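To keep things clear, I will list the structure first and then write my remarks on it.
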Amino acid sequence: SSSADDSRKRTKIPPVSVLAEQLRQESSESMARKLAVLNVKVAKLKKVEEENVTLKGKIAQLEAQVTELYNRMERSRKLEAKRKERVQAQQNQRRGDTSARGPRRADV
């Protein structure tokens, strides 16, 4: 333990108040650096959040367009089916084949 005593004598240890002040300064510098890093991260996240909102709006618009297109296709398909039905009925009428049309009331 004499070597430890020798090293303590050679290295002058500053008083506790000086050490505490150094620690406080290092701590506040470290905190300031961490705070700066966190502020940058927050700014990036806010930008990402704004982009997210924009993208959500675009997605909603596209979904509405897809729905509209699908509805148009459905209407078109139904109209085409009705048209084919009418054409078939007319052809059947010309041939005099009423069985294909099914039972109809005379007053229609």
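Keep in mind the model is a prediction, meaning the values are calculated, not measured. In what follows, residues are counted from 1 in the order of the sequence shown.
Proximity of E21 to Q25: side-chain heavy atoms (C-beta onward) are separated by under 4.5 Å at one or more points.
Atom CG of L23 is separated from atom OG of S28 by 10.0 Å, given to the nearest 0.5 angstrom. With rounding to the nearest 0.5 Å, the separation of CE in M31 from CD in E29 is 12.5 Å. Here CG of L45 is found 10.5 Å from CG of L38. Values are rounded to the nearest 0.5 Å. Between atom NZ of residue K41 and atom CG of residue N39 there is a gap of 11.5 Å, rounded to the nearest 0.5 Å.
Dense packing is recorded around CD of E74, with more than 12 heavy atoms of other residues, nucleotides or ligands lying under 6.0 Å away.
Take S30 and apply the side chain to side chain contact (heavy atoms under 4.5 Å, CB included) test, not counting sequence neighbours, and it matches R33, K34. Listed by chain and residue number, nothing satisfies the side-chain hydrogen bond (donor to acceptor under 3.5 Å, both in side chains) test with E63 (two or more places apart in sequence, or in another chain). Checked against side chain to side chain contact (heavy atoms under 4.5 Å, CB included), E68 has the following partners two or more places apart in sequence or in another chain: R72, R75.
One finds no salt bridge joining E85 and K82 here, because no Lys/Arg side-chain nitrogen approaches an Asp/Glu carboxylate oxygen to under 4.0 Å. Ionic pairing of E49 and K46 is not present here: no N-O contact between side-chain nitrogen and carboxylate oxygen is shorter than 4.0 angstrom.
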